[in-house]
Protein chains: 2
Amino acid sequence: MMHPQYRSDLLRMADTFKVLGDPNRLHILSLISHQELCVCEITSILNISQSNASQHLARLRSVDLVKERRNAQWIYYSLNQEAFPLITEILDSLPDVSGELKKIEDLPNHPKCKI
Amino acid sequence: MMHPQYRSDLLRMADTFKVLGDPNRLHILSLISHQELCVCEITSILNISQSNASQHLARLRSVDLVKERRNAQWIYYSLNQEAFPLITEILDSLPDVSGELKKIEDLPNHPKCKI
DNA sequence: TTAGTATATTCGCATATACTGATGAGATAT
DNA sequence: ATATCTCATCAGTATATGCGAATATACTAA
């Protein structure tokens, strides 16, 4: 016989937790739960390569955990609470990283007017 | 400079979610959140090898998600809510697998008296 | 003791993942 | 047009993971 029907639900949930199972992605989620950020800001705060940040964001996109909004060259990412309601409680249980949001003004070539 | 101090918290949380990021382990957790089970019961319900079940349980142990209790040859696993309080809400959001617990009586060499 | 059962661990393989560096695509500015 | 900037994707590499097979360990019963 085939797998019971809830097997696909378990698979989908496991995929989401797999995406949550990386400290850099948890860090990104925690940051963008406070305010939307563009990739270069995330790259700068986490101190990782642009390529690496972009790949982490692709994983977060793949399970619909983030929303994106383009403005000129910049693509702003923010948390998508709707797709996975539990994400709010999960992020609340993480250590507070909001202090890192203060220094993003000092980035070179930082977008001043975000409209 | 070194990593900020919350980095280790993010790492620990990521490790936990990494363990949750597998459908068989979610299945096991969901089962033992209803009642304690020994490894051969888990093996039979999930229809996986004994070695595989034991390895999944080792991963669950490594992040303290399960409790174990030995009785004769059998080792009974149950959910450890204390180590990760969010686990209860996570398991509540999973599909119901309690129907699978009814058939464990029919297993060959099944322990009758669990004391 | 020996045999049988239950569980854990080790090894090897195939695949997945995290990362770096290079390239490509889209937008802005000159 | 070229140059620059932001971001995505691809290729390659090192490590991690999931699994079966074989083995080791722990307990029970005769």
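Convention: sequence-line order gives letters A, B, ...; per-chain numbering from 1. Heavy-atom basis, side chains included; hydrogens, waters and symmetry copies ignored.
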Looking at CG of B:Leu57 and CG of B:Leu65, how far apart are the two atoms once the value is rounded to the nearest 0.5 Å? 11.0 Å

Residue whose nearest DNA chain C nucleotide is more 5′ - A:Gln50 or B:Gln50: B:Gln50

Main-chain N/O of B:His27 paired to B:Ser30 side chain as donor or acceptor, under 3.5 Å: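 Pair absent, no side-chain N/O of B:Ser30 close to backbone of B:His27.
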
Using only atom types and a distance under 3.5 Å, with no angle test, would you say the side chain of A:Glu41 pairs donor to acceptor with the backbone of A:Cys38?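 Here the side-chain-to-backbone pair exists.
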
Kindly determine whether A:Phe84 and A:Thr16 satisfy side-chain contact (heavy atoms from CB on, under 4.5 Å), including the steps that lead there. CA-CA 9 Å; A:Phe84 186 53; A:Thr16 299; 4.0 Å; yes

N or O in side chain of [X] less than 4.0 angstrom from [N] OP1/OP2:
{"X": "A:Tyr77", "N": "D:dT6", "value": "no"}
{"X": "A:Ser49", "N": "C:dC19", "value": "no"}
{"X": "A:Asn24", "N": "C:dC19", "value": "yes"}

Quick check: closest heavy atoms across [X] and [Y], and the distance to 0.1 Å?
{"X": "B:Gln81", "Y": "B:Ile87", "answer": "CA-CG2, 4.2 Å"}
{"X": "B:Ser33", "Y": "B:Leu79", "answer": "CB-CD2, 3.7 Å"}
{"X": "A:Arg61", "Y": "A:Ser54", "answer": "NH2-O, 4.3 Å"}

Integer-rounded Å distance: [N] [atom2] and [X] [atom1]:
{"X": "B:Leu26", "N": "D:dG18", "atom1": "CG", "atom2": "C1'", "result": "15 Å"}
{"X": "A:Leu46", "N": "C:dA18", "atom1": "CG", "atom2": "C1'", "result": "14 Å"}
{"X": "B:Arg25", "N": "D:dA16", "atom1": "CZ", "atom2": "P", "result": "15 Å"}
{"X": "B:Ile75", "N": "C:dT5", "atom1": "CD1", "atom2": "C1'", "result": "13 Å"}
{"X": "A:Trp74", "N": "C:dT28", "atom1": "CH2", "atom2": "P", "result": "9 Å"}
{"X": "A:Ile48", "N": "C:dC19", "atom1": "CD1", "atom2": "P", "result": "7 Å"}
{"X": "B:Asn71", "N": "C:dT7", "atom1": "CG", "atom2": "P", "result": "11 Å"}
{"X": "A:Ile42", "N": "D:dA8", "atom1": "CD1", "atom2": "C1'", "result": "14 Å"}

Of the listed D:dC7, D:dT28, C:dA8, the closest approach to the B:Ala72 side chain comes from D:dT28

Measuring from the side chain of A:Asp22 (C-beta onward, heavy atoms only), which nucleotide among C:dA6, C:dT20, C:dC19 has the closest atom?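 Closest nucleotide among those given: C:dC19.
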
Check the pair A:Asp15, A:Arg12 against salt bridge (charged side-chain N to carboxylate O under 4.0 Å, His left out), reporting the backbone distance first and the verdict last. CA-CA 5 Å; A:Asp15 280 339; A:Arg12 196 175 36 76; over 6 Å; no

Quick one: which protein N/O atoms are closer than 3.5 Å to N/O atoms of nucleotides 24-26 of chain C? Pair and distance per line, please.
none

Not counting sequence neighbours, list each pair that qualifies as a salt bridge (charged side-chain N to carboxylate O under 4.0 Å, His left out) and has a residue in residues 21-30 of chain A.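 Found none.
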
So, using side chain to side chain contact (heavy atoms under 4.5 Å, CB included) as the criterion, who are the partners of A:Gln73 when residues are at least two apart?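 Listed in chain order: nothing, the list is empty.
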
For DNA chain D, find the residues of residues 51-60 of chain A with a heavy-atom distance under 4.0 Å and give them by number; none if there aren't any. A:Ser51, A:Ser54, A:Gln55

Proximity to DNA chain D (any heavy atom under 4.0 Å), residues of residues 8-21 of chain B only: B:Lys18

side-chain hydrogen bond (donor to acceptor under 3.5 Å, both in side chains) for B:Gln55 and B:Ser51? Distances and angles first, verdict last. CA-CA 6 Å; B:Gln55 289 175 67; B:Ser51 164; 2.8 Å; yes

Does any pair with a residue in residues 37-72 of chain B pass ring-ring contact (aromatic ring centres under 6.0 Å, His included), and if so which ones, sequence neighbours excluded?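 Not a single pair qualifies under ring-ring contact (aromatic ring centres under 6.0 Å, His included).
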
